[in-house]
Protein chains: 2
Amino acid sequence: MHKNLKKIGIEMKLTTKGRYAVLALTDLALERDEDFVKISHIAMRQNISSTYLEQILLKLKRAGLIVGVRGPNGGYKLASEPEKIMIADIINIVEGKMEAKGCVSKSGSCTGVSGRCMTHDLWDELSRHIELFLGQISLRDIIKGNVLGRSSPPRAFDY
Amino acid sequence: MHKNLKKIGIEMKLTTKGRYAVLALTDLALERDEDFVKISHIAMRQNISSTYLEQILLKLKRAGLIVGVRGPNGGYKLASEPEKIMIADIINIVEGKMEAKGCVSKSGSCTGVSGRCMTHDLWDELSRHIELFLGQISLRDIIKGNVLGRSSPPRAFDY
DNA sequence: TAGTTCTTGACAAAAATACTCGGAAAATAT
DNA sequence: ATATTTTCCGAGTATTTTTGTCAAGAACTA
């Protein structure tokens, strides 16, 4: 019983993985002049387990956000300009998709017994908001300290 | 080794617990005419484990959002009008505080080796945004389907 | 060649989450 | 009073997710 409304979540996850990813890419953005930055350096500077960071950077590399080169003088580098890399992208990649569906059971539609699930729109809208907000901020904004006082969605009315 | 920057998180948690809580209170808001609604009824309608729901409703009761009465014909009831109960309150109570600090280590300030932690403001601002958004939406909005297309700043009230 | 560094997947420990259980307390009805 | 219904409450267990570790391999440089 009740095995059907489980693990179907909104999953706007935000764990250390996502934070580490943003931290690491911020580090990369700062070190842009050096050709390639080694995992171990980032790990040390940002105080992250380097083997764990490996996994994270690997995902980001597969997604094309960074490029990796092996061997001596190897390391990682941003694949594009810091202003083109948005936080939402980073998080989405390492945390695996901010899913927006709050209540779609595997059996199909999102209803309780009597056609409920009024909260669907809520979670949907929340996810949209977060994605919008993080999709607006780039790595460059972060290293420039350009984050505060940013209002996310364009406001409909003034009052 | 690297045990110091751990578990210090942003923790804008949103788990099934929070969703169940909102679902349950939505149910309560819909059933407002009936004096008290039993856990078992909510659990059945919303397809949640009733023993699990107990825990959640207990927290909400202790926080004063709902009132509970024991014995036959007992159950739960909203403590105030649906328009006065905001989603942010519900989530905060059952998930235990959306903390906003993204990088305060226990040793005090939020710095890496060289005064980094540029992401502090980011997580801070994100949390603020989420809280703002969910603090704007009431149970009444949900049961009226009044959630979509809502922009962050509070809109003027109209009947 | 030798050394460095990423690449990859499988595995393991720890923490968080989701859920259960057994009983007690209060209210009600008979 | 006694039985029944229901919330209250603390503790415990199971499952999942997070957070890593490990070992072997591949590419690159000197």
Side-chain angles (χ1 to χ4, degrees), chain A residues 1-21 23-24 28 34-44 47-63 66-77 91 94-96 99, chain B residues 1-21 23-24 28 34-44 46-63 66-77 91 94-97 99:
Chain A
M1 25 157 77
H2 62 70
K3 284 292 183 195
N4 40 347
L5 189 73
K6 212 184 290 181
K7 108 158 294 202
I8 32 88
I10 239 194
E11 300 326 307
M12 183 275 148
K13 287 195 289 186
L14 193 33
T15 70
T16 58
K17 206 179 261 179
R19 270 171 300 178
Y20 287 170
L23 259 179
L28 245 45
E34 307 183 14
D35 271 347
F36 289 92
V37 184
K38 296 193 232 315
I39 287 184
S40 57
H41 287 185
I42 306 176
M44 199 181 312
N47 200 18
I48 306 172
S49 148
S50 66
T51 47
Y52 190 32
L53 191 54
E54 267 181 26
Q55 296 182 352
I56 297 169
L57 292 182
L58 198 56
K59 280 192 181 180
L60 293 167
K61 182 216 147 201
R62 284 188 181 139
I66 57 180
V67 280
V69 170
R70 297 191 256 204
N73 304 329
Y76 283 105
K77 187 165 83 166
I91 307 271
V94 299
E95 306 274 20
E99 282 264 336
Chain B
M1 28 154 93
H2 61 72
K3 285 290 184 198
N4 41 347
L5 190 74
K6 212 184 289 181
K7 106 159 292 199
I8 34 87
I10 238 194
E11 302 323 311
M12 184 277 149
K13 286 194 290 184
L14 193 32
T15 68
T16 58
K17 207 178 259 179
R19 271 171 300 176
Y20 286 172
L23 260 180
L28 244 44
E34 307 184 13
D35 270 348
F36 289 93
V37 185
K38 294 191 235 314
I39 288 182
S40 56
H41 287 184
I42 306 176
M44 200 181 311
Q46 307 299 342
N47 200 18
I48 306 173
S49 148
S50 66
T51 47
Y52 191 32
L53 191 54
E54 262 183 33
Q55 294 184 348
I56 297 169
L57 291 182
L58 200 55
K59 279 193 183 181
L60 293 167
K61 182 218 148 203
R62 285 183 182 143
I66 56 181
V67 280
V69 169
R70 298 190 255 205
N73 304 327
Y76 282 106
K77 188 166 82 166
I91 307 270
V94 299
E95 306 274 19
K97 226 33 174 170
E99 283 264 336

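Just so we're on the same page: letters track the sequence lines, and every chain starts at 1.
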Look at [X] and [N] and indicate whether a side-chain polar atom (N or O) is within less than 4.0 Å of OP1 or OP2.
X: B/Thr15; N: C/dA18; result: yes
X: B/Tyr20; N: C/dC19; result: yes
X: A/Lys17; N: D/dT18; result: no
X: A/Lys61; N: C/dC6; result: no
X: A/Ser49; N: D/dT21; result: yes
X: B/Thr51; N: C/dT20; result: yes

Nearest listed nucleotide, side chain of A/Tyr76, among C/dT7, D/dC9, D/dT7: C/dT7
Side-chain contact check for B/Tyr52: nearest option of C/dT8, C/dC19, D/dT18 is C/dC19
Chi angles and distances behind the side-chain contact (heavy atoms from CB on, under 4.5 Å) call for A/Leu57, A/Ile42: CA-CA 11 Å; A/Leu57 292 182; A/Ile42 306 176; 4.3 Å; yes
Whole angstrom is fine here: how far is it from [atom1] in [X] over to [atom2] in [N]?
X: B/His41; N: D/dT5; atom1: NE2; atom2: C1'; result: 12 Å
X: B/Asp35; N: D/dT7; atom1: CG; atom2: P; result: 14 Å
X: A/Ile42; N: C/dT5; atom1: CD1; atom2: P; result: 13 Å
X: B/Leu23; N: C/dA18; atom1: CG; atom2: P; result: 13 Å
X: A/Lys38; N: D/dT29; atom1: NZ; atom2: P; result: 13 Å
X: A/Leu58; N: C/dG9; atom1: CG; atom2: P; result: 8 Å
X: B/Ile56; N: C/dC19; atom1: CD1; atom2: C1'; result: 10 Å
X: B/Arg19; N: C/dT17; atom1: CZ; atom2: C1'; result: 12 Å

Could you check whether B/Ile39 gets within reach of a base, just the sugar-phosphate, or nothing at all, counting any heavy atom under 4.0 Å?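 Sugar-phosphate: the residue B/Ile39, judged by heavy atoms under 4.0 Å, touches backbone atoms but no base.
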Output all residues satisfying side chain to side chain donor-acceptor pair (under 3.5 Å) with A/Ser40, sequence neighbours left out; order by chain, then residue number. none
Heavy-atom distance under 4.5 Å between the side chains of B/Tyr76 and B/Val67, does that happen here? no
Taking C-beta and beyond as the side chain, do A/Lys77 and A/Ile66 meet within less than 4.5 Å on heavy atoms? no
Can a donor-acceptor pair be found, under 3.5 Å and without considering hydrogens, that links the side chain of B/Gln46 to the backbone of B/Ala24?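 A pair under 3.5 Å: no.
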Atom CG of B/Asp35 and atom CG of B/Asn73: how far apart are they, to the nearest 0.5 Å?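 CG of B/Asn73 is found 8.5 Å from CG of B/Asp35.
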Rounded at 0.5 Å granularity, tell me how far CD1 in A/Ile48 sits from CG in A/Leu53. 5.0 Å
Scan nucleotides 22-30 of chain C nucleotide by nucleotide, 5' to 3', and note B when protein non-hydrogen atoms come under 4.0 Å of the base, S if they reach only the sugar-phosphate, - if neither. ---BSBSS-
Would you state whether a donor and an acceptor, one from the side chain of A/Gln55 and one from the base of D/dT21, lie under 3.5 Å apart? yes
Using the test side chain to side chain contact (heavy atoms under 4.5 Å, CB included), find all partners of A/Tyr52 that sit at least two apart in sequence or belong to another chain. A/Thr16, A/Lys17, A/Tyr20, A/Ser49, A/Gln55, A/Ile56
